[in-house]
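Have a look at the structure below before the remarks.
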Amino acid sequence: MKTFLMVLTLAASTFALANEEQASVDTVKDSYEFCLDMADGEENKDNAVLFCVNDELKSLGYKPFDTLQAIKSFIKAD
């Protein structure tokens, strides 16, 4: 039974990774603004914002960004 559950979990996680897509501009912008507020006063604010946005996006099943600049460019492209 444990083996079956492990296989099922692995299949589900593989399926989730295969279905990652880019979030909408509104979703990224909302996450960015939220994370910007949350990172206020952080020592390394840029890294905190990048980590926060990517964490939000991953939890929603979207692809993360490589850099904070990529997030900013994506938002401005709209």
Side-chain angles (χ1 to χ4, degrees):
M1 183 67 168
K2 286 183 182 179
T3 304
F4 174 73
L5 290 176
M6 286 179 24
V7 170
L8 185 61
T9 303
L10 180 61
S13 63
T14 303
F15 178 75
L17 290 175
N19 283 330
E20 283 185 343
E21 59 183 47
Q22 188 64 57
S24 70
V25 173
D26 289 336
T27 300
V28 175
K29 186 176 181 181
D30 289 345
S31 292
Y32 174 74
E33 290 172 354
F34 169 77
C35 293
L36 201 56
D37 289 340
M38 294 298 292
D40 194 32
E42 289 286 328
E43 185 176 315
N44 195 339
K45 189 173 182 175
D46 288 351
N47 282 345
V49 172
L50 177 62
F51 179 81
C52 178
V53 170
N54 282 338
D55 193 47
E56 291 277 320
L57 294 176
K58 285 185 219 176
S59 72
L60 296 171
Y62 295 117
K63 291 191 300 189
F65 287 88
D66 292 330
T67 64
L68 186 58
Q69 185 57 45
I71 293 170
K72 292 177 181 179
S73 296
F74 183 76
I75 291 170
K76 288 181 183 177
D78 183 42

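I71 and V25 fall within a single hydrophobic cluster, where Ile, Leu, Val, Met, Phe, Trp and Tyr side chains are chained together by heavy-atom contacts under 4.5 Å. L60 and M38 are members of different hydrophobic clusters when ILVMFWY side chains are connected at heavy-atom separations under 4.5 Å.
Listed by first then second residue, pairs satisfying ring pair (Phe, Tyr, Trp, His ring centres under 6.0 Å) with a partner in residues 29-56 number zero, not counting sequence neighbours. Residue pairs satisfying the salt bridge (Lys or Arg N to Asp or Glu O under 4.0 Å) criterion with at least one member in residues 47-62, sequence neighbours excluded, are absent. Annotation: salt bridge (Lys or Arg N to Asp or Glu O under 4.0 Å) contacts involving residues 27-42, sequence neighbours excluded, comprise D40-K45. A salt bridge (Lys or Arg N to Asp or Glu O under 4.0 Å) check over residues 59-72, counting only residues at least two apart or in different chains, returns nothing. The list of disulfide (SG to SG under 2.5 Å) pairs with a residue in residues 22-62, not counting sequence neighbours, reads C35-C52. Sequence neighbours left out, the pairs with a member in residues 58-78 that pass ring pair (Phe, Tyr, Trp, His ring centres under 6.0 Å) are F65-F74.
Not counting sequence neighbours, the partners of D46 by the side chain to side chain contact (heavy atoms under 4.5 Å, CB included) test are N44, L68. Residues forming a side chain to side chain contact (heavy atoms under 4.5 Å, CB included) with T67 (at least two apart in sequence, or on another chain): Q69, A70.
The shortest distance between side-chain heavy atoms of L57 and T27 falls below 4.5 Å.
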